Amino acid sequence: MEVRGPRVEGRGSCLPPLLSFLFLLSSLGAPSSCLSAPLLWAPEPDQLFRVPEGWRSEGRVAPSHPLGLTFALRQRNRDRLEALVAELSSPRSTHYGRFLSLAEVGALVAPSLETLDVVGAWLEEHGVSECQVVATMDFLQCQMPAGTAERLLPGARFHRFVNEEQRSVALSPTPYSLSKEMQEHVDFVGGLHRFPPEKRALVRSWAAKEPGPRSTFHLGVTPAVLRKRYNLTEADVGGSPNSSQACAQFLEQYFHPADLSEFMHLFGGGFPHLSSVDQVVGHQGGGKAGLEASLDVEYLMSAGANISTWVFSNAGRHEGQEPFLAWLLELSNRSSLPWVHSVSYGDDEDSLSAAYMQRVNVEFQKAAVRGVTILFASGDSGAGCRTVQRGKHVFRPSFPASSPYVTTVGGTSFQHPFLVSVEVSDYISGGGFSNVFPMPEYQTSAVKWFLSTAPKLPPSSYFNASGRAYPDLAALSDNYWVVSNRIPLPWVSGTSASTPVVAGILALINDRRLQRGLPPLGFLNPALYRLQDQGHGAALFDVTSGCHLSCLDAIVEGQGFCAAPSWDPVTGWGTPNFPELLRALMD
Ligand SMILES: *[C@@H]1O[C@H](CO)[C@@H](O)[C@H](O)[C@H]1NC(C)=O
Ligand SMILES: *[C@@H]1O[C@H](CO)[C@@H](O)[C@H](O)[C@H]1NC(C)=O
Ligand SMILES: *[C@@H]1O[C@H](CO)[C@@H](O)[C@H](O)[C@H]1NC(C)=O
Ligand SMILES: *[C@@H]1O[C@H](CO)[C@@H](O)[C@H](O)[C@H]1NC(C)=O
Ligand SMILES: *[C@@H]1O[C@H](CO)[C@@H](O)[C@H](O)[C@H]1NC(C)=O
């Protein structure tokens with residue numbers, strides 16, 4: 001189900017179209033109330049309200065129903081922040097690696113006193129008093145009953161939605177607005193329209209039917225297989241007490257410590273490793289373990305072996321809360337964070353409002369200037385597909401994979417499924433070009449090279465060749481073994497498997513850098529895209545064959561882009577060759 005709400009914008013008229021419509025329905029129209037009504041402004045008129053499969057509406061919530069909403073306040077010095085990312089992340093810059101503390105980031109971007117005053121007074125006027133602020137002062141998290149929220153945000157109507165696991169969330173299918181004077185103080189209000197992310201790990205059970213020679217070959221990807229392919233020896237484990245890594249999981253995705261220790265017992269032979277996480281931030285429910293959650297932790301801690309690991313688990317305490325936003329708030333509220341983060345969350349770019357994506361992007365910039373490396377899975381739908389009108393399709397980029405300020409990880413398979421062999425593109429590997437973010441400078445020459453040399457490109461009407469192109473690199477994403485609810489399961493696949501593997505490998509490189517007194521890698525892309533020019537072509541195994549999927553129509557016939565020498569929009573630069581990548585990233 002997709003409903004794009006009517007635009008709610010108080011352009012000159014005293015009531016926006018939606019409100020005047022409701023107004024007419026109630027047939028109590030009094031011109032005097034019209035005169036005193038404030039002009040309204042809609043921060044996210046382009047946000048799609050889409051009820052995901054498996055969720056159903058249970059009607060309006062009671063006015064007393066408790067909600068948690070997030071107010072993204074307008075930051076100062078955004079241009080300066082953007083310039084700083086380039087200065088601190090580019091190995092060519094004299095300020096490379098001179099990262100900022102959280103307090104310094106706060107001093108740079110915290111909203112003006114006027115913004116804090118105006119928003120504070122507006123909330124107070126509506127009886128909203130239960131709010132927490134983050135250390136950088138640019139997010140407010142407030143609790144209030146639905147009735148208050150509906151008065152505060154004209155147009156919003158909160159309904160309860162329930163999914164098959166009886167998880168419920170209160171969201172507004174209709175767009176909200178704010179009084180026009182908030183336009184210069186608020187970016188958007190979170191917790192109204194976006195559903196919690198769904199599970200993403202794939203189980204390709206069909207693969208189990210493939211006949212395979214059973215004795216001398218591997219029967220699926222395990223830590224030993226990964227470490228062999230990526231050239232990690234027994235000695236390639238963490239050794240600095242200061243290195244750290246994390247994964248983030250959303251909704252009812254819990255990992256069980258017992259699954260992790262069982263996994264390490266079964267598959268952790270041959271390399272020193274830890275078998276428990278150091279810190280869980282957020283809520284760890286006691287329910288069934290999620291496959292995705294088990295996968296993240298088990299492979300992050302196998303690649304980044306013997307490295308202190310955190311899990312961010314953000315099942316929101318309040319209905320209506322967006323768990324992904326809750327994670328972003330945590331990043332801005334902790335002065336000490338793990339250096340590397342692996343996240344397997346993504347949404348269709350076209351379903352999200354521009355205000356939301358731009359602001360999330362600024363949050364990634366804030367992490368980048370602190371030296372934090374953030375990796376996102378590129379998605380499991382290849383180039384994706386969107387119908388623009390009957391019979392006409394375009395590819396469908398995914399966000400945050402398409403953000404220019406994160407490192408995006410695609411997927412590969414072994415050419416011979418049962419041998420540690422050369423890798424080819426995994427046809428599910430997400431990749432393509434953003435329609436929102438222009439191509440960042442660090443990747444222009446690599447992407448232009450691809451576009452001008454690829455033997456066969458999809459028609460140009462299917463993608464936006466001027467956008468940020470992804471993924472940036474890749475790793476195996478096919479046939480993983482995972483222990484979940486004490487049961488070893490084969491055939492788990494997807495870029496949510498490749499992402500923690502790359503995260504663990506980068507955490508190991510950080511570990512070596514910290515031991516040598518160097519700063520951590522921080523935002524990797526500016527360094528990554530110049531490795532080849534620096535003569536470090538062997539740092540990544542170039543994946544040059546195979547294509548990913550896209551629209552099933554007569555023009556592209558299900559095929560998106562194809563891998564090619566050097567960078568390509570299926571596997572990026574390729575997969576990590578640890579010893580060479582380490583060497584390349586040690587200066
Ligand atoms: C940020 O952390 C402080 C304590 O360090 C806490 O009081 C505050 O509620 C947190 N803010 C949010 C939005 O959670
Ligand atoms: C790494 O692995 C590849 C193939 O698996 C091999 O060809 C190469 O020699 C190995 N060692 C280094 C240091 O690259
Ligand atoms: C594991 O890391 C710790 C530091 O966190 C280090 O003291 C220890 O020697 C490492 N173990 C191995 C086997 O390298
Ligand atoms: C293509 O991407 C640019 C940003 O790089 C954007 O401004 C433009 O609107 C996009 N075009 C389409 C058709 O989406
Ligand atoms: C770890 O960090 C502490 C405090 O920042 C520093 O004093 C110490 O030298 C670091 N140790 C290593 C091995 O990097």
Side-chain angles (χ1 to χ4, degrees), residues 46 218 224-245 264 268-279 301-302 304-310 338-339 348-352 354 357-358 361 384 386 388-389 392-397 399 402-404 412 414-416 419-423 432-441 443-444 447-448 451 459-470 475-476 504-505 507-508 510-512 514-515 531 535-543 574-584 586:
D46 50 342
H218 77 83
V225 168
L226 284 168
R227 295 181 67 89
K228 181 169 178 206
R229 170 59 185 162
Y230 298 137
N231 278 333
L232 290 154
T233 69
E234 200 180 323
D236 294 321
V237 300
S240 162
N242 295 345
S243 58
S244 50
Q245 56 188 3
M264 288 301 183
F271 60 99
H273 56 77
L274 302 173
S275 296
S276 59
V277 307
D278 276 338
Q279 196 166 336
M301 294 183 69
S302 303
N306 197 39
I307 290 182
S308 166
T309 304
W310 291 21
W339 291 116
D348 297 328
E349 216 182 40
D350 59 280
S351 76
L352 298 168
M357 287 186 282
Q358 296 293 352
N361 223 25
R386 181 165 76 93
V388 276
Q389 65 195 50
K392 188 174 180 309
H393 304 123
V394 292
F395 295 159
R396 184 167 225 172
F399 180 82
S402 71
S403 164
T412 63
F414 283 126
Q415 190 165 45
H416 186 305
L419 269 184
V420 178
S421 53
V422 163
E423 289 162 80
F433 293 76
S434 174
N435 288 314
V436 176
F437 301 106
M439 191 179 295
E441 198 269 330
Q443 69 171 188
T444 47
V447 179
K448 290 207 165 117
L451 289 172
S460 59
S461 60
Y462 278 71
F463 65 101
N464 191 335
S466 70
R468 142 67 158 149
Y470 68 93
L476 286 161
I505 287 175
L508 276 181
N510 266 346
D511 183 278
R512 295 295 183 273
L514 293 170
Q515 287 190 44
L531 290 180
H536 289 301
L540 294 136
F541 297 119
D542 194 0
V543 178
T575 64
N577 178 13
F578 178 73
E580 293 292 334
L581 187 62
L582 175 67
R583 209 142 60 102
M586 278 309 275

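Keep in mind it's a predicted model, so treat the numbers as computed, not measured. Read the numbers this way: they start at 1 and go in the same order the structure lists the ligands and their atoms.
- Residue contact check for ligand 4: F433 places no non-hydrogen atom closer than 4.0 Å to it.
- For ligand 3, the atoms lying closer than 4.0 Å to a non-hydrogen atom of G239 are 2 (O), 4 (C), 6 (C).
- Given atom 14 (O) of ligand 2, the protein heavy atom at minimum distance is N577 ND2, 2.9 Å.
- Of the listed residues (F437, Y470, F433), just one forms a side-chain contact (heavy atoms from CB on, under 4.5 Å) with P397, and that residue is Y470.
- D278 contributes no side-chain N or O that, together with a main-chain N or O of W310, makes up a donor-acceptor pair within less than 3.5 Å.
- The closest side-chain heavy-atom distance from V394 to F463 is not below 4.5 Å.
- Which parts of ligand 2 touch P579 is read off a 4.0 Å heavy-atom cut-off, strictly below it: atoms 13 (C).
- Given atom 3 (C) of ligand 2, the protein heavy atom at minimum distance is N231 ND2, 3.6 Å.
- Each of the atoms 5 (O) of ligand 4 lies under 4.0 Å from some heavy atom of F437.
- At the shortest separation from atom 5 (O) of ligand 4 among protein heavy atoms lies P438 CA, 3.2 Å.
- For atom 7 (O) of ligand 2, the nearest protein heavy atom is 4.0 Å or more away.
- Inspection of the T309 and Q245 side chains reveals an N or O donor paired with an N or O acceptor under 3.5 Å.
- With a 4.0 Å heavy-atom cut-off, ligand 4 is reached by the backbone of N435 and by its side chain too.
- Residue contact check: G238 has heavy atoms under 4.0 Å from atoms 1 (C), 2 (O), 10 (C), 14 (O) of ligand 3.
- Side-chain atoms of N361 and P404, non-hydrogen and from C-beta on, do get closer than 4.5 Å to each other.
- Under the 4.5 Å side-chain criterion, counting only non-hydrogen atoms from C-beta, I307 is not in contact with L274.
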- Query: Would R227 and E234 satisfy salt bridge (charged side-chain N to carboxylate O under 4.0 Å, His left out), going step by step from the backbone distance to the final call?
  - Reply: CA-CA 9 Å; R227 295 181 67 89; E234 200 180 323; over 6 Å; no
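- Atoms of ligand 3 lying under 4.0 Å from at least one heavy atom of V237, given by number and element, are 14 (O).
- The pair D350-R396 meets the salt-bridge criterion, since a charged nitrogen lies less than 4.0 angstrom from a carboxylate oxygen.
- A donor-acceptor pair is defined here as one N or O able to donate and one able to accept, closer than 3.5 Å; no such pair exists between the side chain of S351 and the backbone of E349.
- With rounding to the nearest 0.5 Å, the separation of CG in N306 from CG in L508 is 9.5 Å.
- The protein heavy-atom contact nearest to atom 9 (O) of ligand 3 is N306 ND2, 4.9 Å.
- Close approach of ligand 3 to P272 (heavy-atom distance below 4.0 Å) involves ligand atoms 13 (C).
- Here the heavy atom of the protein found nearest to atom 13 (C) of ligand 4 is N464 ND2, 4.5 Å.
- At least one heavy atom of F541 sits less than 4.0 Å from an atom of ligand 2.
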